[in-house]
Structure formats: structure tokens, C-alpha cells
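This report refers to the structure that appears directly beneath it.
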Amino acid sequence: MANNEDQFKKVISHAKEYGYIFGSSEIYDGLSAVYDYAQNGVELKKNIREYWWKSMVYMHQNIVGLDAAILMHPKTWKASGHVDAFSDPLIDNKDSKKRYRADVLIEDHAEKLENKAQKEITKAKKRFGDSFNETEFVTTNARVIGYREKKAEMLSTMARLLEAEDLLGVKALIEELGIVCPVSGSKNWTDVKQFNLMFGTKLGASAETATDLYLRPETAQGIFVNFLNVQKTGRMRIPFGIAQTGKAFRNEIVARQFIFRMREFEQMEMQFFVRPGQEMKWYDYWKETRLKWHHSLGLGPENYRFHDHEKLAHYANAATDIEFKFPFGFKELEGIHSRTDFDLKAHEAHSGKKLQFFDPELKENYTPYVVETSIGLDRMFLAVFSNSLQEETLEDGSSRTVLRLPAILAPVKIAVFPLIKRDGLPELAKQIIEDLKWDYNVFYDEKDAVGKRYRRQDANGTPFCVTVDHQTLEDKTVTIRHRDTMEQERIAISDISDLVSKSLSMKDWLQ
Ligand code: ATP
């Protein structure tokens with residue numbers, strides 16, 4: 001565990017040191033869970049977005065893009081359920097001043113009973129050896145049954161209280177269970193309050209006439225309200241999809257873990273509209289297709305897993321997360337949801353406008369079902385960045401820090417160095433850049449010994465370094481060095497572009 005924590009700290013400090021991510025408004029001591037993308041970060045983020053966009057929009061003839069506004073008519077959020085249901089129940093401990101989600105406190109407490117049951121099972125396994133029959137044991141052992149019954153009762157009481165919005169009851173349950181604050185150890189709790197995660201703002205010039213608006217908590221609704229506009233003007237036929245990337249805002253209560261959970265973040269979402277009854281087929285298709293996309297980046301298939309939801313959101317009839325192994329463990333990276341016709345129907349009801357599709361094959365109108373793929377761009381950034389940062393011991397015993405970003409995502413593709421700062425080498429290096437800059441983000445560096453410059457680019461994630469030396473003046477060849485293998489080869493200046501472009505082919509990466 002300590003190792004993972006250290007690794008995560010390294011990720012955060014490396015992101016700052018190499019110009020990837022800064023805390024927001026740092027000179028004023030920052031703003032919690034809000035971050036700025038720096039000179040390299042903005043490039044990496046843009047490249048991830050583009051890799052997603054091309055794979056979704058350009059690779060599917062029946063998917064088109066959209067860029068809806070962040071501000072939307074307030075009724076949108078009533079229809080989507082966010083005004084009434086997008087909230088967490090909060091409780092504060094008066095001694096530690098720490099804030100918790102009341103449901104999480106109770107769930108953690110219930111989990112302790114499960115741990116006790118597991119201990120009994122492990123003990124019995126040891127005692128009975130090969131003859132142990134676990135199914136029989138857990139259905140007949142009084143202790144295990146007791147722990148599990150208590151746990152189930154606790155969770156169902158909680159669910160009933162939350163459902164009935166009985167917050168006093170939730171507090172009473174916490175007290176009755178004797179739950180203590182993990183920090184102060186005390187039972188000195190405040191009342192439970194519902195806390196809506198949406199950020200409110202105002203539209204209009206004067207306080208009296210202003211309309212209350214929300215910053216969108218997800219990009220999906222911008223797609224739903226435009227469903228018919230896109231379908232008609234694009235002459236789309238079911239099945240078809242609408243893809244969108246953009247900012248979303250959530251006033252997260254417990255915002256930790258760097259850019260994993262932010263208050264302002266970016267989503268990459270695609271809503272796929274299908275015939276009712278065919279949603280499970282498409283749900284399976286998108287599960288597989290999205291996992292393939294992740295695997296294509298080469299971060300290691302063992303770092304991904306599906307987590308199917310048992311408890312479904314009010315709008316879904318199937319849902320799964322693609323989880324990634326972050327430095328702090330497997331956590332959600334992307335959600336794939338079969339959203340039924342919930343959203344379109346809700347918008348029909350609240351707007352009074354029909355949002356249906358006339359299916360020429362079936363010769364009938366219907367409200368399409370929707371399968372959604374939704375991935376956090378910042379979380380994807382963290383997945384790529386943390387997985388790529390490696391400390392290597394070299395053959396000579398020395399070590400190097402290398403950021404093995406997939407070349408197609410790397411912010412800087414080529415760094416060009418003159419071996420020394422005279423004899424016309426800098427001029428020649430800059431001439432080479434003049435030619436390459438039309439196709440690649442190129443970086444020039446003449447400071448320090450070449451070895452040191454290589455190491456800086458390794459840590460920066462640059463896949464290729466080109467060095468111009470005296471031989472270049474004679475035969476127009478350069479040394480090109482590969483980040484991952486550290487191999488160097490001599491090639492003609494005129495061949496640099498071809499060599500680099502081969503490693504950046506979207507077709508090769510995606511296939
Ligand atoms: P979580 O359970 O982690 O709060 P969620 O299930 O609420 O996430 P969704 O509403 O399904 O998330 O949003 C889709 C994706 O948006 C998530 O898979 C995640 O990658 C990203 N995302 C959600 N909330 C945040 C956040 N606060 N900061 C960064 N990314 C986020």
C-alpha cells in the first residue's frame with residue numbers, strides 16, 4: 001500500500017514539474033479539487049480527446065458530433081431527475097469537523113459485519129480442511145447467518161429511510177448502530193442534510209428577474225434535447241449515435257485523489273439510439289467496442305476490468321463500469337449504461353414536444369432506447385499518465401525516469417537538438433524544425449549536455465529525439481533516438497517525417 005501511495009505522490013509531483021497539471025489559482029493557495037492543464041497537459045488532453053473522437057465519430061458512419069452549451073433551460077434538470085435526485089446525504093462530525101456521506105458511513109459499518117462472517121468462514125475452512133462444504137456452512141452456521149441478517153437489515157433500513165427522505169431516521173440509525181467518526185472516534189454527529197451536487201448560477205441582470213440555472217452536471221442531456229434536431233437535419237436512421245465532449249460540473253463532497261474526482265471536469269459521451277428491444281444487443285456491442293479502444297493504447301489488458309452494477313439507477317436496465325487500475329486501486333474510468341427511453345420520455349413529458357422516430361422499416365413511430373458510453377477525460381488522462389510514469393534501472397546500474405506515453409498521445413512528438421551551440425548546428429536544427437512543425441509539435445533544446453537533454457525528454461514523454469552534429473553538415477543525416485528502447489540510428493533528414501509518422505498512424509493504433 002505504502003508503495004502505491006508513494007507512486008501516486010510521484011505522479012502528482014511529476015505532473016507539476018513537467019508542466020502537465022497545476023492546481024487552480026495556486027498563487028491564492030488553490031481551489032480544492034479544481035485543476036489547470038499546463039503546456040504539456042493541454043496537449044495530452046487534446047490528443048486523448050481526439051483519439052476518442054476519431055474512433056467514435058469518424059470510424060462509425062452512423063455517429064455524428066455535437067457541441068451543446070453548458071447552460072441549459074432549467075426544466076432540463078427537472079426532467080432528467082437531477083433537481084430531485086442528484087444529491088448525497090451528508091453528516092458532519094462535530095469534533096473532527098470532518099464531513100461524510102451518511103450512506104457510506106452505514107455501508108462501511110455493514111461491511112464490518114460481512115468481514116466478521118468471512119472470518120468465521122475462514123476459521124471453519126481451516127478446521128474442516130478438504131471436507132469443508134462452504135454452501136452448507138453459510139446456510140447453517142448461526143453466527144454467519146446472524147451477521148449477514150443484521151447486515152441486510154441495516155442496509156434495507158437505510159434504503160427505506162433514504163427512499164422516504166427520512167433524514168432524522170438516518171441520523172437515528174447512525175446513532176443506534178454506534179457508528180463513530182474514523183478520525184475523532186466520537187459519536188458527536190450533526191443532523192443529516194441532503195446536498196445537491198449541482199452548481200447553481202443566475203441568468204439575468206437584476207436579482208428580482210434573474211432565472212436560476214445550473215451548470216450542467218453531465219453532457220448527456222445536451223444530446224437528448226437535440227435528438228430530433230440532429231436526426232432530422234442529419235437524416236439519421238436508427239440505430240445512430242451522437243457524440244459530445246465538454247465540461248461538466250459537480251459540487252463533489254469528498255473530492256480527493258487529484259484529477260480523479262474534480263468539481264469541474266470534462267466528459268466524452270456518446271448516446272446511441274436504438275429500436276426498443278434491441279438495447280441489450282447494442283449494450284454488449286458497446287461494452288466490447290469500448291474495451292477494445294482502451295486496450296488499443298497498450299497500457300496492459302490486466303489493468304482493466306468490468307464491474308457490472310447490481311443496483312441500477314432509476315433510468316437504467318443494465319449498467320457496467322470499465323474500471324482501471326489506478327495507483328490507488330481499481331476504480332471507475334468509464335460507464336456504459338442502457339438508459340432505456342427514460343430521458344427522451346421525460347423530456348417529452350416536460351416540454352410537451354414529441355421526441356420520436358418514424359421507423360420506415362417498421363412503419364411506426366416510437367421513442368428510441370438509448371445506450372450510453374460515458375468516460376471522464378481527466379480520469380483517462382490520469383490512467384494514461386500514471387500508467388506511463390516509470391522508474392527504470394539501466395544496464396550500467398544508473399536509473400532513468402521515463403514517461404512511456406503512447407506515442408500517438410504524447411504532447412511533444414520530436415525534440416531537436418544541436419550537439420553544440422556553435423558551428424552552424426543550431427541554425428541547421430532550427431531549419432529542420434521549420435520543416436517538421438507543419439505536421440508535429442516539435443521542441444527545440446540546446447541547453448546542457450545531450451545526454452541530459454535526452455533524459456529530460458524521456459521524463460517528458462517525447463517519443464523521438466533528433467540530434468544534429470558536424471556530420472549533418474556534410475551528409476544531411478542526423479541521429480534519431482527512440483525513447484522506449486533508447487536505441488539510436490542514423491537517418492537522412494528527409495526520412496525523419498516518415499519514420500515518425502509511421503508510429504503515429506491512427507489506423508495502426510486502433511487496429
Ligand atoms: P463516480 O461513481 O466515480 O462518482 P459516476 O458514476 O457518478 O462516477 P457518471 O455520472 O457515470 O459517473 O459519469 C461518467 C464518467 O465521468 C465517469 O466514469 C468518470 O470517468 C467521469 N466523472 C464523473 N464524475 C467525475 C468527477 N467528479 N471528476 C472527474 N471525472 C468524473
Side-chain angles (χ1 to χ4, degrees), residues 12 15 21 23-24 31-37 41 45 48-49 52 56 70 77 80-82 85-90 101 103-104 107 195-199 214-224 243-272 283 286-287 290-291 293-294 303-316 318-326 328-339 342-343 370-386:
I12 297 170
I21 296 170
S24 157
L31 191 60
S32 143
V34 184
Y35 292 91
D36 295 341
Y37 286 86
K45 198 174 167 197
I48 296 173
R49 194 191 293 112
W52 181 87
M56 294 305 250
I70 288 172
W77 307 110
S80 68
H82 284 83
F86 197 56
S87 53
D88 290 336
L90 283 191
R101 274 173 55 175
D103 55 334
V104 173
E107 278 167 8
F195 181 78
N196 194 295
L197 299 182
M198 284 196 291
F199 280 103
Y214 297 105
L215 301 184
R216 66 179 177 200
E218 62 176 26
T219 55
Q221 300 304 324
I223 296 179
F224 295 130
Q244 161 160 252
T245 72
K247 285 277 172 91
F249 302 81
R250 294 181 189 178
N251 200 357
E252 300 277 4
I253 298 152
V254 188
R256 282 193 225 109
Q257 297 171 319
F258 195 38
I259 56 170
F260 180 81
R261 191 174 296 289
M262 304 158 89
R263 298 205 161 102
E264 173 181 343
F265 59 101
E266 195 163 334
Q267 290 185 313
M268 306 193 285
E269 296 198 309
M270 194 279 300
Q271 311 292 331
F272 201 69
Y283 173 73
W286 282 111
K287 261 179 92 166
R290 290 303 304 147
L291 189 64
W293 181 86
H294 285 286
N303 291 317
Y304 300 87
R305 71 179 187 201
F306 282 117
H307 169 230
D308 295 329
H309 292 203
E310 281 152 33
K311 227 171 57 190
L312 292 171
H314 57 284
Y315 53 76
T320 195
D321 296 334
I322 295 178
E323 293 186 337
F324 183 78
K325 197 170 178 201
F326 289 97
F328 38 85
F330 272 102
K331 289 271 185 272
E332 171 176 349
L333 170 59
E334 170 159 6
I336 297 159
H337 309 125
S338 172
R339 294 182 76 124
F342 173 86
D343 301 273
V370 174
V371 176
E372 162 186 83
T373 72
S374 174
I375 172 172
L377 175 49
D378 315 86
R379 273 191 202 176
M380 186 60 199
F381 186 115
L382 184 59
V384 172
F385 193 87
S386 60

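Remember, it's 1-based here, ligands and their atoms both numbered in the order they're listed.
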### Query
Taking the six-membered ring of Phe306 as reference, does the NZ or CZ atom of Lys287 fall below 6.0 Å from its centre and within a 45° cone about the axis?
yes
### Query
Where on His337 is there a heavy atom closer than 4.0 Å to ligand 1, on the side chain, on the backbone, on both, or on neither?
side chain
### Task
Classify the ring geometry between His294 and Tyr304 as parallel (under 30°), tilted (30 to 60°) or perpendicular (over 60°).
tilted
### Task
Run down the list Gln267, Glu264, Arg379 and name the one with the heavy atom closest to atom 16 (O) of ligand 1.
Gln267
## Note on the structure
shortest atom 18 (O) of ligand 1-to-protein heavy-atom contact is with Glu332 OE2, 2.7 Å
### Message
Suppose we measure from atom 30 (N) of ligand 1 to each protein heavy atom; which comes out shortest, and what is that distance?
### Response
Phe265 CD1, 3.5 Å
### Task
Could you say whether the N/O atoms of Ile375 and ligand 1 ever approach to under 3.5 Å?
no
### Query
Considering only heavy atoms, does Arg250 approach ligand 1 within less than 4.0 Å through its side chain, its backbone, both, or neither?
side chain
### Message
Using 30° and 60° as the class boundaries, would you call the ring planes of Tyr35 and Phe258 parallel, tilted or perpendicular?
### Response
perpendicular
#### Entry: Heavy-atom nearest neighbour in the protein, as seen from atom 21 (C) of ligand 1, with distance rounded to 0.1 Å
Gly376 CA, 3.6 Å
### Query
Are any of the N or O atoms of Ile259 closer than 3.5 Å to those of ligand 1?
no
### Which atom of Ile259 lies closest to which atom of Asp378, heavy atoms considered
CD1-O, 3.3 Å
### Query
For the residue pair Phe381 and Phe385, does the interplanar ring angle fall in the parallel (under 30°), tilted (30 to 60°) or perpendicular (over 60°) class?
parallel
### Query
Judged by non-hydrogen atoms, does Glu334 sit under 4.0 Å from ligand 1?
yes
### Summary
The option among Ala319, Ser374, Ala383 carrying the non-hydrogen atom nearest to atom 14 (C) of ligand 1 is Ser374
### Query
Within 45° of the axis and under 6.0 Å from the centre of the six-membered ring of Tyr37, does NZ or CZ of Lys45 qualify?
yes
### Task
Classify the contact between Asp321 and ligand 1 as side chain, backbone, both or neither, using a heavy-atom distance cut-off of under 4.0 Å.
neither
### Message
Below 3.5 Å, N or O to N or O, backbone or side chain included: is there any such pair between Asp378 and ligand 1?
### Response
no
